[in-house]
There are 2 protein chains.
Amino acid sequence: MARYKVGLETRERILKATRALLADVGVEGITLKAITDLAGVRAGSFYNLFETKEAAVLTVVREAIAAMDPGDEGNDTLEDLVSAYVTFMTEQSSMAQVYLQIAVSATRNNAPIRQRFANGHRYRIERFTTALLRDRPEIGVPEATIRIEALIAALNGFGIARHIDPSFDLNGHASRMLELTRTQ
Amino acid sequence: MARYKVGLETRERILKATRALLADVGVEGITLKAITDLAGVRAGSFYNLFETKEAAVLTVVREAIAAMDPGDEGNDTLEDLVSAYVTFMTEQSSMAQVYLQIAVSATRNNAPIRQRFANGHRYRIERFTTALLRDRPEIGVPEATIRIEALIAALNGFGIARHIDPSFDLNGHASRMLELTRTQ
DNA sequence: TGCAAATTTGAGCATATACTCTATTTTGAA
DNA sequence: TTCAAAATAGAGTATATGCTCAAATTTGCA
């Protein structure tokens with residue numbers, strides 16, 4: 001694939017365009033022409049760098065799912081995780097948008113994307129649950145898991161609300177929801 | 001348009017197909033061929049009943065936005081409204097799916113749909129807020145509005161969670177969220 | 001039952017789409 | 001500086017898409 005510097009730069013421009021368009025029109029609505037026009041590239045150049053349109057889409061989708069989760073693993077607190085979620089939503093809004101698009105469609109008709117999403121979701125629940133149990137071990141795994149599922153679901157809802165109305169107080173509502181999760 | 005019985009039946013089959021497909025692939029992904037194939041109708045028949053593909057889509061979208069809200073207006077309690085939301089999500093899942101698809105994409109690139117959605121959303125917030133204030137007038141309009149925005153956002157998140165994982169206890173989480181909204 | 005209006009079909013049209021191929025230019029290690 | 005590998009442009013291909021139209025069939029009121 002890309003070996004020269006210009007090639008890598010072009011690849012980045014294509015991925016950036018794909019990201020913006022996926023946030024806008026979703027996996028089902030994106031077209032090659034839209035990508036190449038926005039990236040300022042002809043079809044031939046695109047196919048020199050990506051096997052298919054789907055390959056570029058899947059690259060961005062993977063990115064978006066991975067970007068949901070903060071880097072340091074192990075002993076993050078629930079605050080850290082919620083705060084990382086809020087940061088992701090506010091500071092990487094294109095990627096967040098892509099993630100939410102995938103979450104709602106669950107992309108029934110696209111097996112690799114569905115699989116990625118399901119794995120990411122399961123992993124996130126485990127990580128959040130572990131953090132909650134470190135803080136409140138008396139809750140127990142089953143109840144902690146249920147509360148975390150609700151927390152993450154609510155956070156997704158808040159993320160959507162914020163993108164409908166940018167004045168939505170994502171941080172405040174997330175904190176309140178975190179408290180509810182902890183103390184119920 | 002449709003005047004004979006067969007025509008009205010065909011119209012219904014087309015709308016049913018459109019509904020199912022919108023739930024699957026969203027506004028950006030739906031195609032005329034997919035609609036007519038699923039409805040068992042040729043293109044000519046479709047265009048005898050609808051001006052454009054978009055007209056059928058918009059009809060279903062309107063339906064989905066309207067179906068979000070329960071019929072009786074006026075003195076419903078917050079429980080009634082939340083319970084109606086849960087019922088809508090569980091018993092009209094195609095339509096709920098369409099609604100959520102629109103909520104995330106907010107359909108930036110489709111002015112009439114965006115407008116409809118925004119109006120429906122604003123109306124819903126008012127209705128929920130009124131119900132909350134009837135029960136807890138001491139909260140006051142600004143705080144009540146903020147809490148309702150969070151409640152509705154969380155409910156949307158729960159709706160998405162339920163459709164990712166049908167075992168998600170939508171009713172339980174919605175009730176808990178309702179309590180949080182009331183008592184905080 | 002006659003018949004005008006409604007419905008349905010299916011071929012056809014213009015454009016969009018995903019992707020290929022060849023010729024040309026650019027890159028950067030030796 | 002040379003030159004093979006890489007990058008790019010852009011015309012071309014096959015299929016998909018939204019939609020039209022004329023002809024044939026069906027509907028249901030008078």
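Predicted model, so just to flag it, every value in this text is computed and none were measured. Below, read A as the first sequence line, B as the second, and so on, with proteins coming before strands; counting in each chain starts at 1.
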*Asks:* By side-chain contact (heavy atoms from CB on, under 4.5 Å), which residues pair with B/Ala34, not counting sequence neighbours?
*Replies:* B/Leu21, B/Thr31
*Asks:* Can a donor-acceptor pair be found between the side chains of A/Arg13 and A/Thr10 at a distance below 3.5 Å?
*Replies:* yes
*Asks:* When the side chains of residues 164-171 of chain B are checked against the rest of the protein, which donor-acceptor pairs come out under 3.5 Å, sequence neighbours left out?
*Replies:*
unit_1, atom_1, unit_2, atom_2, d
B/Asp165, OD1, B/Ser167, N, 3.0
B/Asp165, OD1, B/Ser167, OG, 2.9
B/Asp165, OD2, B/Ser167, OG, 3.1
B/Asp169, OD1, B/Gly172, N, 3.0

*Asks:* If I take atom CZ in residue B/Arg3 and atom P in nucleotide C/dA4, what distance separates them, rounded to the nearest angstrom?
*Replies:* 17 Å
*Asks:* Considering only C/dT27, C/dT8, D/dC19, which nucleotide approaches the side chain of B/Thr10 most closely?
*Replies:* C/dT8
*Asks:* Would you mind listing every salt bridge (charged side-chain N to carboxylate O under 4.0 Å, His left out) that reaches into residues 145-155 of chain A, with sequence neighbours excluded?
*Replies:* A/Glu143-A/Arg147
*Asks:* Taking only residues two or more places apart in sequence or in another chain, which ones pass side chain to side chain donor-acceptor pair (under 3.5 Å) with B/Lys33?
*Replies:* B/Asp37
*Asks:* Which residues pass the side chain to side chain donor-acceptor pair (under 3.5 Å) test with A/Glu126, sequence neighbours left out?
*Replies:* none
*Asks:* Distance check needed: C/dA29 P versus A/Lys5 NZ, whole Å only.
*Replies:* 11 Å
*Asks:* The criterion is side chain to side chain donor-acceptor pair (under 3.5 Å); which residues satisfy it with A/Ser94, sequence neighbours excluded?
*Replies:* none
*Asks:* Show the distances under 3.5 angstrom between N or O atoms of the protein and N or O atoms of nucleotides 22-24 of chain C.
*Replies:*
none

*Asks:* Could you check how far CD1 of A/Ile35 sits from P of C/dA18, rounded to whole Å?
*Replies:* 8 Å
*Asks:* Output a table of nitrogen or oxygen pairs between the protein and nucleotides 14-17 of chain C separated by less than 3.5 Å.
*Replies:*
none

*Asks:* Taking side chain to side chain donor-acceptor pair (under 3.5 Å) as the cut-off, I'd like each qualifying pair that reaches into residues 55-65 of chain B, sequence neighbours left out, listed once.
*Replies:* B/Arg19-B/Glu63
*Asks:* Using a cut-off of less than 4.0 Å, is there contact between a side-chain N or O of B/Tyr47 and OP1 or OP2 of D/dT20?
*Replies:* no
*Asks:* Sequence neighbours excluded, which residues qualify as side chain to side chain donor-acceptor pair (under 3.5 Å) partners of A/Gln115?
*Replies:* A/Asn119
*Asks:* Can you tell me how far P of C/dT26 sits from CG of A/Asn48, to the nearest Å?
*Replies:* 16 Å
*Asks:* Between B/Phe50 (CZ) and D/dT20 (C1'), how many Å, whole number?
*Replies:* 18 Å
*Asks:* Provide, to the nearest angstrom, the distance between the CD atom belonging to B/Glu51 and the P atom belonging to D/dG18.
*Replies:* 16 Å
*Asks:* Side-chain N or O of B/Ser45 versus OP1/OP2 of C/dT7: is the shortest distance under 4.0 Å?
*Replies:* no
*Asks:* A/Phe46 CZ to D/dA7 P: how many Å, rounded?
*Replies:* 14 Å
*Asks:* Run the salt bridge (charged side-chain N to carboxylate O under 4.0 Å, His left out) test against B/Arg127 and tell me which residues pass, sequence neighbours left out.
*Replies:* B/Asp76
*Asks:* Give a yes or no on whether the ring-centroid distance for B/Phe88 and B/Tyr99 is below 6.0 angstrom.
*Replies:* no
*Asks:* Does anything in residues 36-44 of chain A reach DNA chain C, meaning a heavy atom under 4.0 Å, and if so which residues?
*Replies:* A/Ala43, A/Gly44
*Asks:* Using atom CD of A/Glu9 as one end and atom C1' of D/dT8 as the other, report the distance to the nearest whole Å.
*Replies:* 14 Å
